[in-house]
There are 2 protein chains.
Amino acid sequence: MVYPHNVPEETAADVLRRHGQRVTDARVAVWETLAGTDEHLTAESVAKRVAVMDPSINLASVYRSLALFEEIGEVRQSHLGPDRTAYWEVGHPDEHFHLVCRNCGTVDHHRGTLVRQIMDHLQGKEHGFVPERVELTVTGLCPNCVGVTGSDHPHH
Amino acid sequence: MVYPHNVPEETAADVLRRHGQRVTDARVAVWETLAGTDEHLTAESVAKRVAVMDPSINLASVYRSLALFEEIGEVRQSHLGPDRTAYWEVGHPDEHFHLVCRNCGTVDHHRGTLVRQIMDHLQGKEHGFVPERVELTVTGLCPNCVGVTGSDHPHH
DNA sequence: CTCCTTGCAAACCGTTTGCAATCGA
DNA sequence: TCGATTGCAAACGGTTTGCAAGGAG
């Protein structure tokens, strides 16, 4: 079940130029890394994959590229889990949310109408609050871990 | 609109003993701080308020107390905003979510059936995923900031 | 009396930044 | 050409941890 990309045909250079940004090796490598997977990656793991294409690209440039893509709205950062690490993914056109297994750590994407419904719900009810972004993360046990684990503590 | 506490009558000592934990000054102070407000506090601000009651209590002990209360399920940690700072609050019986204003930073709690609905939605649809915790954070513009700010960038 | 908890200070770790060199347009 | 971008290394900031002293049960 591979996650289709934003605009599969569009290259990194296209994306950058569309936003009036310079096309550099670091940015291209970061974009290709993120666009080429359906996983959520930490900056570190993006850097690791980028290093395979071009070992001369520095971690700092990866961070700067990620920040750039986020600013222009092509990439999203989420804070899954209780750790303070950020996870990155290309910004999908469809709203979606995350199911995180507290046992095996697997992160599942789920698209559908739920996030839209939440937006609508707020539009009507919250006197004047203008929702822009909904971040919904559900923690629990994935099908694989339900039977295996007791109902208790994960890491002890 | 003050947020009513979990079990208003229960003292810090009660809570701790109920979980078989030792009653110490640091823990009592941290509990009273968190139970005495409807705000979300960072560890640092908890420490600041704790210091008023007892200046001898160390930041590290505040962190350890927060971790303890979280482990026993009496306190919750959320990652609001894009920074990696954690925000703490007592664990409310009613599910709720957060409305964060991207302009002024205000965090609003909202209780209601939304979170419950999400849980139910998942129970039925997600073949076997067992939801345990729903973290829903909506970023946008609060009523006060809607008119004031253009539709663009917050901090530039 | 025993083990748990604390204060302190140093370590951690993901992320950011200043700077001179380099690169893209 | 010339400002934007990079690599490098050092700084940052919230959080964690090792250890000896102090405190709860």
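Every chain is numbered from 1, with letters handed out A, B, ... down the list of sequences. FYI, side chains are in, hydrogens and waters are out, and symmetry mates aren't considered; it's all heavy atoms of this structure.
- Atom-to-atom, CG of A:Leu68 to P of D:dT5 comes out at 7 Å; the value is rounded to the nearest Å.
- Look at CG on B:Asn58: it is 16 Å from C1' on D:dG23, rounded to the nearest Å.
- Members clustered with B:Val107: B:Leu80, B:Tyr87, B:Val100, by chain and number, using a 4.5 Å side-chain heavy-atom cutoff among hydrophobic residues.
- The salt bridge (charged side-chain N to carboxylate O under 4.0 Å, His left out) analysis of residues 43-63 of chain B, with sequence neighbours excluded, yields the pairs B:Glu39-B:Arg49.
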Check nucleotides 10-14 of chain D for protein N or O atoms closer than 3.5 Å to its own N or O atoms and list the pairs.
none

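- With sequence neighbours excluded, the residues satisfying ring-ring contact (aromatic ring centres under 6.0 Å, His included) with B:His40 are B:His98, B:His109.
- Listed by chain and number, the residues in a side chain to side chain contact (heavy atoms under 4.5 Å, CB included) with B:Asn144 are B:Cys142 (sequence neighbours excluded).
- If you walk DNA chain C from 5' to 3' and mark each nucleotide with an atom closer than 4.0 Å to a heavy atom of chain A, the marks span C:dG14 to C:dA25.
- Taking the side chain to side chain contact (heavy atoms under 4.5 Å, CB included) definition, one finds that B:Glu135 meets it with B:Ser78, B:Arg133, B:Thr137, sequence neighbours left out.
- Contacts of B:Asn58 classified as side chain to side chain contact (heavy atoms under 4.5 Å, CB included), with partners at least two apart in sequence or in another chain: B:Ala60, B:Ser61.
- With A:Thr37 contributing its side chain and A:Leu34 its backbone, the two residues share no donor-acceptor pair below 3.5 Å.
- For A:Arg84, the salt bridge (Lys or Arg N to Asp or Glu O under 4.0 Å) criterion is met by no residue, not counting sequence neighbours.
- Within residues 22-30 of chain A, the residues having any heavy atom under 4.0 Å from DNA chain C are, by residue number, A:Arg22, A:Val23.
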Please table the atom pairs, donor to acceptor, closer than 3.5 Å between any side-chain atom in residues 20-28 of chain A and protein atoms at least two apart or in another chain.
from	atom 1	to	atom 2	distance (Å)
A:Thr24	OG1	A:Arg27	N	3.3
A:Arg27	NH1	A:Arg22	O	2.9

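- For the salt bridge (Lys or Arg N to Asp or Glu O under 4.0 Å) test, no residue two or more places apart in sequence or in another chain qualifies with A:Arg116.
- With DNA chain D read from its 5' end, the first of the two nearest nucleotides for A:Ser61 and B:Arg64 is the one closest to A:Ser61.
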